[in-house]
Amino acid sequence: PPESLEFLTLGSKFSKPPLGSTLQNVPGLLRLLRREWRLPQDFEQDDRQQFTPVLAHLRAVPAQTLMAPELLTRIDTILQQLQRATYYSILAPLSFALRRSLFKIPETDLDSRDQPEVASLQAVKALARSTREQYPDWVATASTSVSPAHLLEQLAALPQGQTVLTALDEILERYGYLSEVGTDIAVPTWREDPQPVHALFAQFLTNPPPDPAASKNATSPSEESSVAGSAPSTGWRYRQVQARLNLKGRVATVYLTLLAELRWSLLALIDQAIAQNRLQQLEDGFFLTYDELRASVETPEALSSEALQVLVAERRSQFEQHQAQTTVPFIVYGDEPPPTPLDVPPAPPRSGILQGIGASAGQVQGPVRVLQTLQLSEPIAPGTIIVVPYTDAGWGPILAQAAGLVAEVGGKLSHGAIVAREYQIPAVMNISEATRQFQDGQIVRLDGRAGTVERVTEATAAGSIT
């Protein structure tokens with residue numbers, strides 16, 4: 001059906017395809033169904049025979065210890081594994097979405113603890129809870145205005161405090177493959193830039209969020225049965241969907257870890273190019289194709305340092321021009337980037353209410369904080385509703401600090417929606433150009449069940465839900 005992508009990303013319904021095209025595609029559909037049915041067994045086999053041994057070897061031999069020929073072999077191995085992992089990263093979410101829709105299991109009935117974005121947050125939260133129990137007097141006097149770095153310094157000076165920091169480092173080592181944009185290897189990972197995780201640990205330590213389990217226990221029966229025909233968290237239908245969700249989490253871990261290993265290997269290769277005066281800084285390497293980078297190492301006479309620098313400068317300039325664009329064309333044809341679109345401000349909604357996709361139930365009113373990246377100039381104040389262009393698995397530390405979430409793209413199964421439901425934060429996805437519609441400090445009212453975002457005037461602010 002033409003809505004296949006929207007079904008996967010936004011939860012849209014399928015239209016009824018023409019009978020002729022349906023009959024024509026029956027053989028392909030049957031092959032797809034067979035692959036979907038065998039997906040767990042196929043992944044288990046590939047994980048046992050390929051993914052687990054390769055990842056164990058990559059961890060045992062750091063990329064920084066290898067010379068250029070060995071790094072090129074390492075990168076080729078990772079790329080080969082990524083071909084198969086990419087197949088699973090496409091089919092596993094599709095399988096989960098199909099089964100959840102078929103068996104009518106609401107998102108709130110499912111356990112997302114095996115998803116990387118949730119598992120990482122839970123690990124930080126558990127460490128913060130045990131630290132509060134171990135040092136209650138110190139936590140009681142710790143100021144929420146102290147920077148995370150200073151708080152960690154204070155913790156290190158306490159008896160056995162270094163043990164806590166070691167446990168935090170172990171969390172970063174385990175989930176260090178996550179980043180702001182998991183599928184963009186040009187973006188630093190948590191292992192390289194742990195600041196978001198340190199900030200989250202500091203917040204959980206000094207200002208812990210409410211227990212999601214307690215909030216779920218307080219949910220009314222009518223809210224729990226909001227989806228018609230929903231099944232309880234037991235039974236065959238539930239197990240079919242939950243198993244596919246767990247598989248999706250395992251696949252994401254393998255896929256994102258391979259991408260992180262690819263980045264770290266490329267960084268080691270770029271380091272050697274810098275040492276040979278072929279490149280000037282680490283970021284330069286990501287303005288080259290892999291073939292160009294490889295040629296610059298294997299056959300430096302074929303691509304001079306001057307030619308490399310020209311390529312980098314041209315592409316960096318193009319990248320900066322694209323970054324300056326505040327709008328993206330709805331459709332792009334071909335491989336060439338489109339002309340710079342007109343920077344037309346979005347038309348305000350007639351009623352002051354924007355309609356999106358309700359991804360996490362609840363209502364909240366508060367000031368807006370527009371974020372384009374994870375890099376924060378100052379902490380997120382309590383009660384803040386964050387407005388973002390998208391969410392990825394690495395956005396968990398930021399989302400867990402918010403009182404509400406508005407995202408330009410995404411649906412009920414996106415990373416931000418999963419984290420929002422885990423922490424009982426109202427969330428609305430798929431609000432077009434939300435980062436341009438709202439400004440920092442603007443008061444909005446969020447309804448995560450209805451999927452609406454409403455601008456609140458001073459006249460109506462006093463009587464609203466908070």
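Quick note: residue numbers are just sequence positions, from 1.
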Any Lys/Arg nitrogen of [X] or [Y] sitting under 4.0 Å from an Asp/Glu carboxylate oxygen of the other?
X    : Y    : value
R316 : D284 : yes
R436 : E408 : no
R113 : D111 : yes
R59  : E261 : no
D47  : R250 : yes

Any chance the side chains of [X] and [Y] put a donor and an acceptor closer than 3.5 Å?
X    : Y    : value
Q80  : D76  : no
T384 : R369 : no
E36  : S95  : yes
W264 : E192 : yes

- Message: Check this for me: Q281, atom CD, are more than 12 non-hydrogen atoms of other residues, nucleotides or ligands nearer than 6.0 Å?
- Response: yes
- Task: Measure the CG-CZ distance between L165 and F201 for me, rounded to the nearest 0.5 Å.
- Result: 7.0 Å
- Side chains of Q81 and L55 in contact at under 4.5 Å (non-hydrogen atoms): no
- Item | Worked verdict on T183 versus Y255 for side-chain contact (heavy atoms from CB on, under 4.5 Å) | CA-CA 9 Å; T183 53; Y255 181 62; 4.0 Å; yes
